[in-house]
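Count residues from 1 along the sequence.
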Amino acid sequence: SVVLQGTSSVDVSINASENGLLLFVVPKQKLLAGSRYVLTLTRQITDTSGNPLETVSFEFNTVAAPTIAAVAPAEGPVGTAVTILGQNFDTQPQLNVLKFGATPALVLSATATQLETIVPAGLAAGAVAVSVTTRGGTTTSSFVVENPVPVVSSVAPSSVRVGSGA
């Protein structure tokens, strides 16, 4: 038999692969995020020759989906430092996949409630979705990429004579 136990027992269905070498245990209800479960397979399960399997237990924890509460600032040009506030981010920066539209952004630092990044190069001005994907799922918010403020670096010619038309 198969037993999936969390805070209470969870009904499961059991499916074998075509050749019977793999066993798929599928919960019949949604598992609670951030919860501990124990899956136990007992000797009542047999292999393709009818031999009983050894009893085995696996322990696992589900991961809650991330949520974004705020993106600060909500707008800025490429290169702007951005803080994303929310919940259920991975504390290891590389395990948070952060994108501005389809453009990946480097997560500079991460806590369970905050990510720090820089608006990546190559984005056109306008509204863009900001998405964070962790092992628990994906969440999105919005950000407005602004055109950078133009900077005058030189003027040519540097001087003209009044009335010269140049």
Side-chain angles (χ1 to χ4, degrees), residues 4-8 10-13 15 17-18 21-39 58-166:
L4 181 57
Q5 185 72 36
T7 54
S8 62
V10 177
D11 287 333
V12 298
S13 63
N15 301 310
S17 65
E18 252 180 55
L21 297 177
L22 297 174
L23 180 69
F24 298 96
V25 178
V26 181
K28 291 183 179 179
Q29 62 208 51
K30 186 175 179 179
L31 300 180
L32 298 174
S35 297
R36 178 184 167 273
Y37 290 89
V38 177
L39 173 65
F58 303 95
E59 182 178 325
F60 64 94
N61 293 302
T62 55
V63 178
T67 58
I68 296 175
V71 177
E75 56 188 48
V78 167
T80 300
V82 173
T83 300
I84 299 171
L85 301 171
Q87 294 182 355
N88 305 319
F89 300 135
D90 201 296
T91 57
Q92 296 181 53
Q94 71 277 12
L95 295 180
N96 297 283
V97 177
L98 176 59
K99 293 182 179 180
F100 285 73
T103 305
L106 180 65
V107 177
L108 303 172
S109 67
T111 68
T113 59
Q114 182 172 311
L115 301 176
E116 300 289 336
T117 190
I118 302 289
V119 178
L123 295 174
V128 65
V130 175
S131 66
V132 177
T133 301
T134 68
R135 294 173 292 161
T138 300
T139 184
T140 60
S141 190
S142 60
F143 185 83
V144 176
V145 179
E146 297 176 334
N147 281 324
V149 175
V151 176
V152 177
S153 59
S154 67
V155 176
S158 58
S159 63
V160 293
R161 197 178 291 210
V162 173
S164 68

Note to self: Taking the side chain as everything from C-beta on, heavy atoms only, tell me whether Leu115 gets closer than 4.5 Å to Thr83.
What the structure shows: no
Next item on the list: Run the numbers on Val10 and Leu31 for side-chain contact (heavy atoms from CB on, under 4.5 Å), then give the verdict.
Entry: CA-CA 8 Å; Val10 177; Leu31 300 180; 4.0 Å; yes
Next item on the list: Measure up the Phe60 and Tyr37 rings against each other and bin them: parallel (under 30°), tilted (30 to 60°), perpendicular (over 60°).
Entry: parallel
Note to self: side-chain contact (heavy atoms from CB on, under 4.5 Å) for Phe143 and Val145? Distances and angles first, verdict last.
What the structure shows: CA-CA 6 Å; Phe143 185 83; Val145 179; 4.1 Å; yes
Next item on the list: Can you see which heavy atom on Ser131 is nearest to which on Thr140, and at what distance?
Entry: CB-CG2, 3.7 Å
Check: Shortest non-hydrogen contact from Ala33 to Ala64?
Finding: CB-CA, 3.5 Å
Next item on the list: Determine which pairs satisfy salt bridge (charged side-chain N to carboxylate O under 4.0 Å, His left out) with at least one residue from residues 115-137, sequence neighbours left out, and list them in order.
Entry: Asp90-Arg135
Next item on the list: Any side-chain hydrogen bond (donor to acceptor under 3.5 Å, both in side chains) involving residues 93-103? Give me the pairs, sequence neighbours left out, ordered by first then second residue.
Entry: Gln92-Gln94
Note to self: Which heavy atom of Pro77 sits nearest to which heavy atom of Val119, and what is that distance?
What the structure shows: O-CB, 3.8 Å
Margin query: For Ala125 versus Asn147, what's the shortest heavy-atom pair and its separation?
Written below: CB-OD1, 3.2 Å
Checklist line | Qualifying residues under side chain to side chain donor-acceptor pair (under 3.5 Å), relative to Thr138, sequence neighbours excluded | finding: Thr133
Next item on the list: Please name all residues satisfying side chain to side chain donor-acceptor pair (under 3.5 Å) with Ser141, sequence neighbours left out, ordered by chain then number.
Entry: none
Next item on the list: Let me see the working for Val82 and Val71 under side-chain contact (heavy atoms from CB on, under 4.5 Å), right down to the final yes or no.
Entry: CA-CA 7 Å; Val82 173; Val71 177; 3.6 Å; yes
Check: Tell me, do Pro66 and Gln87 make a side-chain contact under 4.5 Å, heavy atoms counted?
Finding: no
Next item on the list: Please report the closest heavy-atom contact between Ala65 and Asn88, naming both atoms and the distance.
Entry: O-ND2, 2.9 Å
Next item on the list: Kindly give the heavy-atom pair with the smallest separation between Ala105 and Thr117, and that separation in Å.
Entry: CB-OG1, 3.6 Å
Next item on the list: Begin with the C-alpha distance, continue with both residues' side-chain angles, and end with the deciding distance and a verdict on side-chain contact (heavy atoms from CB on, under 4.5 Å) for Phe89 and Ile84.
Entry: CA-CA 10 Å; Phe89 300 135; Ile84 299 171; 3.9 Å; yes
Notebook entry, point to check: Can you pull the side-chain hydrogen bond (donor to acceptor under 3.5 Å, both in side chains) pairs that have at least one residue in residues 58-81, sequence neighbours excluded?
Noted result: Arg36-Glu59
Item checked: Qualifying salt bridge (charged side-chain N to carboxylate O under 4.0 Å, His left out) pairs, either residue in residues 118-131, two or more places apart -> none
Item checked: Phe100 side, atom CZ; Leu123 side, atom CG - distance, nearest 0.5 Å -> 7.5 Å
Next item on the list: Can you measure from CG (Leu108) to CG (Leu98) and round to the nearest 0.5 angstrom?
Entry: 9.5 Å
Checklist line | Side-chain touch Val25/Leu4, heavy atoms, less than 4.5 angstrom | finding: no
